[in-house]
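Have a look at the structure below before the remarks.
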Amino acid sequence: MKLMITKNNIEGGDKAFEIIKNGMANGAKVLGLATGSSPLPLYSKMVHSDLDFSDIFSINLDEYYGLAPDNKQSYHYFMQQHLFDKKPFKHSYIPNGLAKNLDEEVKRYNKIIEENPIDIQILGIGRNGHIAFNEPGTPFGSLTHVVELSQNTIKANSRFFDKIEDVPRKAICMGIKSIMHSKKIVLLAFGKAKQDAIKAMIEGPVTEKVPASILQDHPDVTIICDPLAADKLS
Ligand code: F6R
């Protein structure tokens, strides 16, 4: 694992942008993307850059189950608003939160990931060490699956909803095995709330209790965090 400690999230976004830019210059065609606050400075940098994504595919990590793409809390909406409206990709894949048949949707998404191997995967990390919606206890061998969100995550994500009852209880999520198949992984984490997760991911044992700890076994991971998030590292 390579660790980069940046002054703040803006500088962190700049570093992640450089990795994407270099990757694309070297032939990267598929970007794995995350939602949440951590990648926002990166997306802003992408939007304001002159990089052209019209020949690039993107595959998002996850989507809430039950939310339509035009629902303001959906991850579809988030990605349109922060990136795709301003920088269209050749094709952007996101799980369908309104899928009638969840088994079919899971299969469809796995096929997309299989057919479009991810060159660079952007990740955030939850306070409990989750990556995507892969909560503690998710098998490392998991592919795309339907997740029951933990109370921890429902509480953390309720800041984006009017009230906690509005937070969906389920999501469709790329599995840990698929994430580990990405050629390169860039994980962004900023602020005090991420201290314990960062320490456990980098210095703790590789355990399904801390999903992100599996990244220790990936050959090309860059962790970008600010001094606060890195504060508990020894
Ligand atoms: C989002 C996702 C989540 C977030 C994580 C951190 O697609 O998969 O795992 O990356 O919850 O969220 P933020 O960046 O808002 O702290």
Side-chain angles (χ1 to χ4, degrees), residues 6 8-10 12-13 16 31-45 58-65 67 69 71 73-84 92-97 109 113 118 120-138 142-161 167-180 182 185-198 200-201 208 210-215 221-226 228-230:
T6 58
N8 52 36
N9 61 343
I10 306 295
L31 302 184
L33 300 177
T35 54
S37 52
S38 308
L40 283 178
L42 163 65
Y43 296 159
S44 166
K45 184 88 186 174
S58 67
I59 304 184
N60 261 79
L61 287 170
D62 41 22
E63 176 59 291
Y64 286 119
Y65 177 57
L67 298 192
N71 183 308
Q73 316 302 341
S74 77
Y75 285 175
H76 265 89
Y77 191 92
F78 177 99
M79 292 307 299
Q80 286 301 136
Q81 187 190 22
H82 293 290
L83 187 60
F84 302 148
S92 289
Y93 297 102
I94 304 183
N96 176 7
Y109 214 63
I113 299 166
I118 296 172
I120 305 173
Q121 175 67 57
I122 303 298
L123 292 178
I125 184 170
R127 295 169 209 194
N128 61 3
H130 73 219
I131 43 175
F133 274 127
N134 294 299
E135 304 286 4
T138 308
S142 58
L143 300 174
T144 304
H145 57 293
V146 176
V147 178
E148 301 278 343
L149 302 190
S150 71
Q151 279 310 316
N152 212 332
T153 299
I154 291 171
K155 203 168 151 218
N157 290 9
S158 64
R159 68 190 192 276
F160 300 114
F161 292 79
V167 185
R169 273 23 189 185
K170 283 186 189 175
I172 303 163
C173 169
M174 191 188 289
I176 296 179
K177 191 171 176 189
S178 309
I179 293 173
M180 287 295 281
S182 313
I185 296 178
V186 178
L187 184 145
L188 300 155
F190 307 104
K192 193 171 186 313
K194 301 294 169 73
Q195 280 175 357
D196 291 330
I198 289 291
M201 168 177 66
E208 288 177 353
V210 180
S213 64
I214 189 68
L215 299 179
V221 179
T222 303
I223 314 289
I224 301 178
C225 47
D226 64 358
L228 264 180

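Order of listing sets the numbers, starting from 1, for every ligand and every atom in it.
- The nearest protein atom to atom 10 (O) of ligand 1, hydrogens excluded, is given as G124 CA, 3.3 Å; this is a heavy-atom distance.
- Here the heavy atom of the protein found nearest to atom 1 (C) of ligand 1 is T35 OG1, 3.1 Å.
- In this structure, a donor-acceptor pair under 3.5 Å is present between the side chains of Y64 and N157.
- Annotation: atom 5 (C) of ligand 1 to nearest protein heavy atom, H130 NE2, 3.4 Å.
- Contacts with ligand 1 closer than 4.0 Å are made by side-chain heavy atoms of L61 only, the backbone lying farther away.
- Near A132, with a cut-off below 4.0 Å to any heavy atom, the atoms of ligand 1 are 2 (C), 3 (C), 8 (O), 9 (O).
- One N or O on the side chain of Q73 and one on the backbone of F160 form a donor-acceptor pair closer than 3.5 Å.
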Practice problem: Decide side chain to side chain donor-acceptor pair (under 3.5 Å) for H130 and N152; before the verdict, give the C-alpha distance in whole Å, the side-chain angles of both, and the deciding distance to 0.1 Å. | Solution: CA-CA 10 Å; H130 73 219; N152 212 332; over 6 Å; no
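- In the vicinity of D62, heavy-atom distances shorter than 4.0 Å reach the ligand 1 atoms 1 (C), 2 (C), 7 (O), 8 (O).
- Considering only non-hydrogen protein atoms, atom 15 (O) of ligand 1 sits nearest to S37 N, 2.8 Å.
- N96 and H76 share no side-chain donor-acceptor pair at under 3.5 Å.
- Scanning the protein for heavy atoms near atom 6 (C) of ligand 1, the closest one is I125 O, 3.4 Å.
- For the pair L123 and L215, the minimum side-chain heavy-atom distance is below 4.5 Å.
- Note on ligand 1: K194 sits in its first shell, one or more heavy atoms being nearer than 4.0 Å.
- The atoms of ligand 1 that sit less than 4.0 Å from any heavy atom of G36 are 14 (O), 15 (O).
- For the side chain to side chain contact (heavy atoms under 4.5 Å, CB included) with I120, the qualifying choice from T222, L33, L31 is L31, the only one to do so.
- Protein heavy atom in closest approach to atom 14 (O) of ligand 1: S38 OG, 2.5 Å.
- Panel note: side chain S142, backbone I176; a donor-acceptor pair is recorded below 3.5 Å.
- Under the 30°/60° scheme for interplanar angles, the aromatic rings of Y75 and F133 are found to lie parallel.
- The part of R159 lying near ligand 1 is the side chain, judged by heavy-atom distances below 4.0 Å.
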